[in-house]
Amino acid sequence: MPDEPVRVRIAPSPTGPLHIGTARTALFNYLYARRQGGTFILRIEDTDVARSSIAYEKDILDGLHALGLKWDEGPEVAGQAARGPHAPYRQMERLDTYAAAARRLLEDDKAYWCYCTPEELDAERKRLEAAKLPPRYSGRCANLTAAERAAFEAEGRKPALRFRVGDEKVAFEDLIRGRVEIDTSALGGDFVIARADGSPLYHFTVVVDDAAMEISHVIRGEDHLSNTPKHILLFRALGYPEPRFAHLPLILNADRTKMSKRKSQTAISDYLAEGFVREALVNYLALLGWSTGTEEEILSLDDLERRFDLDHVQKAGAVFDRERLEWLNGQWIRRLTPDDLVDRLRPFLEAERAAGRIDRVPTDDEIVALLPVVQERLPTLGAIGDLVGFLFVDRVDVDPAVLVPKRWDRETAIEGLRAARETIAAIGPISYEADELEPPLRALAEARGWKAGDLFMAIRVAVTGRTATPPLFDTLVALGPERSLERLDRAIERLAAAEVA
RNA sequence: GCCGCAUUCGUCUAGAGGCCCAGGACACCGCCCUCUCAAGGCGGAGAUCACCGGUUCGAAUCCGGUAUGCGGUACCA
């Protein structure tokens, strides 16, 4: 095949939020286009009017934008007109195109009107199933006479349009799986391409549009592999050139079934809301079913655009592994510049505030100051509240029981905290730095014969309310001398009061 | 049921006849670092390459069959 221009597309249905699987397919199409110097097209397949919504369309466009997958043709904003030489790119706005194609098939007798009701078809299917036969349309309406049609019309029946399947073998060369051959007799008979209400169905619109938009490579999920012969038959019947096909392995639930909302978290927006960064999402998704062929695994979108190829796409399905995503997310968070990280953290801190988990949102300067101890501790951006939220609440809740280190008793804890309080107070606000705090507190522990770790733990719990925090002295500095002493005082009171209880 | 696709450590994968009694990463375990938690470093455990036959001097890699899994089989996409 001569160098035809590469044109690929992602064709989501706005019947749900952007799904992990759709995002991965979009990514592979995008990467293929970029790598081949081709065109990446977004087409909205909204012919299932009952389940489609503009809100889902918006979620899908927003999600693709958030991942950095820019498309060359298609709608930019949900609901608004699309741009590109083949506009519109929303199927419900292309109905006349399908109607024209349907008319041609009808005129060529490659399609016919079927008056069977859903009930009749259902009964037929059940009968076949009961007889342990594969479900298949009988072809009852395949050769109706004009009189028979008129009789049905007189009954008020509205016909669906069926495509004649015929009896042959269809073979194609899948770019990932190699040669695939299917006998069309296994396709279940003539299939419906337009509903009784006139609205076109997926198998039909996908072919008409892929042809109209001059799609050169159809890269999609393996769940469409078995449907491909139907599409090829339609391409041929309509006299369109066939595109090349590449069927990607499925993304799987932990039980190795096709990934579903029911068993996994599938919405990209949910991952973004948790604080997964686009770099990690893209990196992880790219490595689900594809590899560089080397041992490299931290790859930016830029790297991927330069290296993606269909040869290294895996054939078998891949289980979605959240742990690995989290690890990659940490890798990417650690690579962000301070300014960038602050920008990305702010919305999450604002969300913490809105949820009432912190009492005020820190300033950018405060966040920047925290970065050295926070950046390597964030598995997700959303973990920020859990990590340092105690710095931005008016008062912490301290459990007296955890205030006492394992090797200590209550009295020692009170004594230790009092001594620590004096030591810290003596340092004063001017030299209140981590380097100034540590030596005297260590000296204190040594003088009293305490393990430094025990003393530090008691202080940590007193000022943060928790046993796992960023390094203690940085934490004290972030807290400031006043609030540090105040929290120590409160903790001492709590412990003293616990005596009574 | 029928049709199709797939099968390398728990998971993601490297591997395109000898470099592999199979390499990397996540997770797991241990050690180091260490004020806790992370991060990082080092090490460990973990795959008879689904199974059976064949081709070959030699097979994870080629061929055939079997098994298992998944997907499709809608007037959903």
Side-chain angles (χ1 to χ4, degrees), chain A residues 11-13 15-16 45-48 50-52 114 116-118 121-122 125 128-129 131-136 158-162 174 177 180-183 185-188 191-197 199-203 205-206 221-230 247 249-250 252 254-258 284 287-298 311-312 314-328 330 334 373-379 387 405 438 441-442 445 451-457 459-461 464 466-473 475:
Chain A
S13 267
T15 54
E45 307 216 324
D46 53 356
T47 54
D48 187 346
R51 291 196 299 143
S52 296
C114 170
C116 298
T117 64
L121 293 171
D122 211 47
R125 200 173 302 122
L128 288 168
E129 214 167 294
K132 292 207 180 273
L133 289 167
R136 160 174 251 281
K158 288 267 180 268
L161 190 60
R162 270 187 199 274
D174 190 279
R177 282 144 219 287
V180 177
E181 186 180 286
I182 298 179
D183 197 314
S185 64
L187 256 31
F191 57 90
V192 175
I193 57 176
R195 300 182 178 90
D197 69 3
S199 62
L201 254 18
Y202 167 76
H203 294 309
T205 58
V206 74
E222 192 196 338
D223 44 351
H224 287 297
L225 187 62
S226 304
N227 293 145
T228 302
K230 289 181 183 174
H247 287 92
L250 258 22
L252 275 22
D255 64 4
R256 305 203 75 89
T257 55
K258 182 165 89 165
Y284 179 69
L287 261 20
L288 252 199
W290 178 80
S291 72
T292 58
T294 69
E295 284 172 1
E296 294 158 275
E297 49 190 2
I298 308 292
D311 300 335
H312 285 89
Q314 201 78 12
K315 291 191 181 79
V319 174
F320 186 87
D321 179 8
R322 188 195 161 94
E323 306 242 38
R324 195 167 150 84
L325 205 212
E326 277 185 13
W327 172 76
L328 265 175
R334 272 164 240 143
V373 294
V374 135
Q375 190 157 17
E376 67 193 30
R377 290 183 169 74
L378 287 173
L387 230 198
E438 184 166 355
L441 286 168
R442 277 195 189 280
K451 288 212 151 208
D454 290 336
L455 209 218
F456 295 171
M457 182 53 84
I459 302 171
R460 163 178 291 110
V461 174
T464 69
R466 39 202 318 170
T467 55
T469 72
L472 179 60
F473 307 106
T475 301

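Here the structure is a predicted model, which means the values were calculated and not measured. Proteins get letters first, then strands, A, B, ... in listed order; numbering begins at 1 in each.
Using a 4.0 Å cut-off, no side-chain N or O of A:Arg256 falls inside it from OP1 or OP2 of B:rU68. Listed pair A:Lys230 / B:rU73 fails the phosphate criterion, with no side-chain N or O lying under 4.0 Å from OP1 or OP2. Residue A:Arg51 has no polar side-chain atom (N or O) positioned under 4.0 Å from OP1 or OP2 of B:rA74. Within the 4.0 Å cut-off from OP1 or OP2 of B:rA14, at least one side-chain nitrogen or oxygen of A:Ser291 is found. The shortest distance between the side-chain N/O atoms of A:Arg125 and the OP1/OP2 oxygens of B:rC75 is below 4.0 Å. For the OP1/OP2 pair of B:rG40 and a distance below 4.0 Å, the side-chain nitrogens and oxygens of A:Arg334 include at least one atom meeting the criterion. Regarding contacts with the backbone of B:rA77, a side-chain N or O of A:Thr47 is found under 4.0 angstrom from either OP1 or OP2. Residue A:Gln314 has a polar side-chain atom (N or O) positioned under 4.0 Å from OP1 or OP2 of B:rA14. The phosphate of B:rA6 (OP1 or OP2) has no side-chain N or O of A:His247 nearer than 4.0 angstrom.
No donor-acceptor contact under 3.5 Å links the side chain of A:Asn227 to the base of B:rA74. Contact of A:Arg377 with B:rC37 (side chain to base): a donor-acceptor pair of N or O atoms is detected under 3.5 Å.
Between A:Leu187 atom CG and B:rC2 atom P the separation is 17 Å, expressed in whole Å. Distance, A:Arg324 CZ to B:rC26 C1': 5 Å, rounded to whole Å. In this structure, A:Trp327 places its CH2 atom 13 Å from C1' of B:rU13, rounding to the nearest Å.
Using a 4.0 Å heavy-atom criterion, one finds that A:Thr467 contacts the bases of the nucleic acid, with or without backbone contacts as well. Base contact: A:Arg460 has a heavy atom under 4.0 Å from a base atom. Looking at heavy-atom distances under 4.0 Å, A:Glu326 makes no contact with the nucleic acid at all. Within the 4.0 angstrom heavy-atom criterion, only backbone atoms of the sugar-phosphate kind lie near A:Gly289; the bases stay farther away. Heavy atoms of A:Pro470 sit under 4.0 angstrom from at least one base atom. Residue A:Ala468 is classed as a base contact, given a heavy-atom separation below 4.0 Å to a base. Nucleic acid contact class of A:Pro471 (heavy atoms, under 4.0 Å, all strands): base. If you check every strand for non-hydrogen atoms under 4.0 Å, A:Cys114 touches nothing. Among the heavy atoms of the strands lying under 4.0 Å from A:Ala196 is at least one base atom, whether or not backbone atoms are also near. Using a 4.0 Å heavy-atom criterion, one finds that A:Gly221 contacts no nucleic acid atom at all. Within the 4.0 angstrom heavy-atom criterion, no nucleotide atom of any strand lies near A:Leu133. The residue A:Leu328 sits apart from the nucleic acid: no heavy atom pair falls under 4.0 Å.
With no hydrogens or angles considered, a side-chain donor-acceptor pair links A:Ser199 and A:Arg195 at under 3.5 Å. No side-chain donor from either of A:Ser13 and A:Thr15 sits under 3.5 Å from a side-chain acceptor of the other.
Looking at heavy atoms from C-beta onward, A:Tyr202 lies in side-chain contact with A:His224 at the 4.5 angstrom threshold.
For the pair A:Asp223 and A:Glu438, both in contact range of RNA chain B, the more 5′-proximal nearest nucleotide belongs to A:Glu438.
Here the side chain of A:Arg136 pairs no donor or acceptor atom with the backbone of A:Leu128 at under 3.5 angstrom.
Pairing for B:rC37 is absent, judged as Watson-Crick or G-U wobble with the two contacts each under 3.5 Å.
The pair A:Asp197-A:Lys158 does not meet the salt-bridge criterion, since no charged nitrogen lies less than 4.0 angstrom from a carboxylate oxygen. The residues A:Glu129 and A:Arg125 are annotated as not salt-bridged, no charged nitrogen and carboxylate oxygen being separated by less than 4.0 angstrom.
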